[in-house]
*Asks:* 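Attaching a single structure in structure tokens format; questions to follow.
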Amino acid sequence: MATIDTLLTDLPSTAVWQEQVYIQLHQTPELSGREVKTVALVAEKLAAWGYEVRHIGGGVVGVMRNGDGSVVLTRADMDALPVTEATGLPYASTLTDIDEEGRRVGVMHACGHDVHVTTQLGAAELMAKHREAWSGTFIPLFQPAEETVGGAQGMVDAGLVAAIPKPDVAYGQHVFGILAGHVAVHPGPTMSASDSIRVTVWGKGTHGSMPNQGVDPVVLAAAIVLRLQGIVAREVKPGTTAVVTVGSLQAGTKSNIIGDTAVLFINTRSYSADVRSALHAAIERIIRAECQASGSPREPEFCYYDQTPLTDNDERETEHIRQAFVAHFGAAAVEDLGQLSGSEDFGQLPDAFGIPYVYWGLGGFSDPSTAPANHSALFAPVIQPTLEIGTRAYLAAALSRLGR
Ligand code: ZN
Ligand code: ZN
């Protein structure tokens with residue numbers, strides 16, 4: 001009998017509390033950085049099952065040392081979104097909270113992080129119940145604040161690397177609009193790197209009727225916005241994916257006043273470190289040159305924020321996991337995830353340890369062609385088989401390294 005089958009003999013009893021916990025989490029979603037009840041629930045269960053429990057940077061980590069062998073870290077994110085649920089489900093969230101701008105907003109697990117918490121907890125229980133079946137160290141990590149970016153880095157900054165044994169590999173799972181019962185993996189770049197840049201450029205204020213006495217930051221900013229469009233069109237190799245978007249441009253107060261600054265908010269997406277640095281170098285070069293062309297009195301200021309790294313699945317580890325999934329679920333249930341345009345901060349956890357990782361997709365919908373996108377107010381994975389397959393996927397991955 002394969003190791004995982006030993007653990008799965010107890011899956012039916014695990015599934016009973018999992019469905020209750022899933023509904024409880026779904027009804028009590030918590031915004032990014034406020035995952036207090038979720039953390040308490042997770043910590044209590046991990047402790048009851050015999051894990052060493054560490055509270056780090058708003059997240060919670062279980063460590064189970066079980067003899068010699070590999071060290072495997074699995075990750076689940078915990079936060080919900082400021083979305084008013086419109087699924088009409090009997091267990092739909094009706095909660096609201098006050099967001100960072102002081103507005104009252106609905107709160108919903110519209111990205112399925114309740115699925116991740118529940119399935120990783122199920123795997124943690126089954127690993128703890130069957131220590132005779134595996135050897136090594138298993139580390140289920142529960143991360144806060146993925147949606148606002150910063151939860152993974154926050155755990156690293158709070159001392160994650162020193163607080164737990166160094167993993168050999170890290171695995172992350174996310175539910176998407178894939179057929180329930182299926183999993184999906186993709187080698188190499190899987191989620192894009194996303195960077196936001198706040199750029200301040202300087203003009204020289206004057207009366208709108210006397211533009212010759214100033215430097216107009218509106219004209220300067222307009223020239224920058226148009227010139228930036230040439231980066232992807234003219235500097236990135238055809239066939240390579242890259243995005244440069246000026247999402248916000250703020251300048252001036254009145255029609256007859258020439259102000260003295262303009263602020264641009266720029267977002268970039270890329271699938272390789274080379275393209276990412278080339279985009280940023282081009283943006284800075286063009287903006288500096290346009291400032292010079294306009295006679296700007298000061299150097300522009302660049303502030304990078306909300307940065308998520310490329311999610312770049314290690315090719316060998318991905319093939320290893322793909323084979324483990326095919327062996328466990330059958331080839332027909334293992335899809336190619338492809339390259340997704342969204343972004344994730346998961347990679348910052350393994351990157352802090354300098355270890356390879358695999359991030360895979362979990363199916364949650366009976367008809368993918370009509371599945372709402374993640375973050376939709378209608379996002380509602382079917383409870384089963386999603387929870388069971390998600391639990392088995394974490395186990396299949398962990399035991400591919402730890403099984404006896
Ligand atoms: Zn999300
Ligand atoms: Zn998510």
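Whatever order the structure lists ligands and atoms in, that order sets their numbers, starting from 1. Hydrogens, waters and symmetry mates are skipped; everything else that's a heavy atom, side chains included, is used. Note that the structure is a prediction, hence the values are computed from the model and not measured.
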*Asks:* Can you tell me if Glu132 and His130 form a side-chain donor-acceptor pair at under 3.5 Å?
*Replies:* yes
*Asks:* So do the side chains of His116 and Gln120 get within less than 4.5 Å of each other, counting heavy atoms only?
*Replies:*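 They are not in contact (no side-chain heavy atoms under 4.5 Å apart), so the answer is no.
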*Asks:* Looking just at side-chain N and O atoms, do Gln339 and Thr241 make a donor-acceptor pair shorter than 3.5 Å?
*Replies:* no
*Asks:* Indicate yes or no: at least one non-hydrogen side-chain atom of Phe142 is less than 4.5 angstrom from one of Leu46.
*Replies:*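 In contact.
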*Asks:* Is it true that Ser196 and Asn267 share a donor-acceptor pair across their side chains at a distance under 3.5 Å?
*Replies:*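 Present: a donor and an acceptor within the cut-off.
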*Asks:* With a cut-off of 2.8 Å, which protein N/O/S atoms are close to the Zn ion (ligand 2), if we only count those under it?
*Replies:* Cys111 SG, His113 NE2, His174 NE2
*Asks:* Does Arg276 come within less than 4.0 Å of Asp195, counting only side-chain N to carboxylate O?
*Replies:* yes
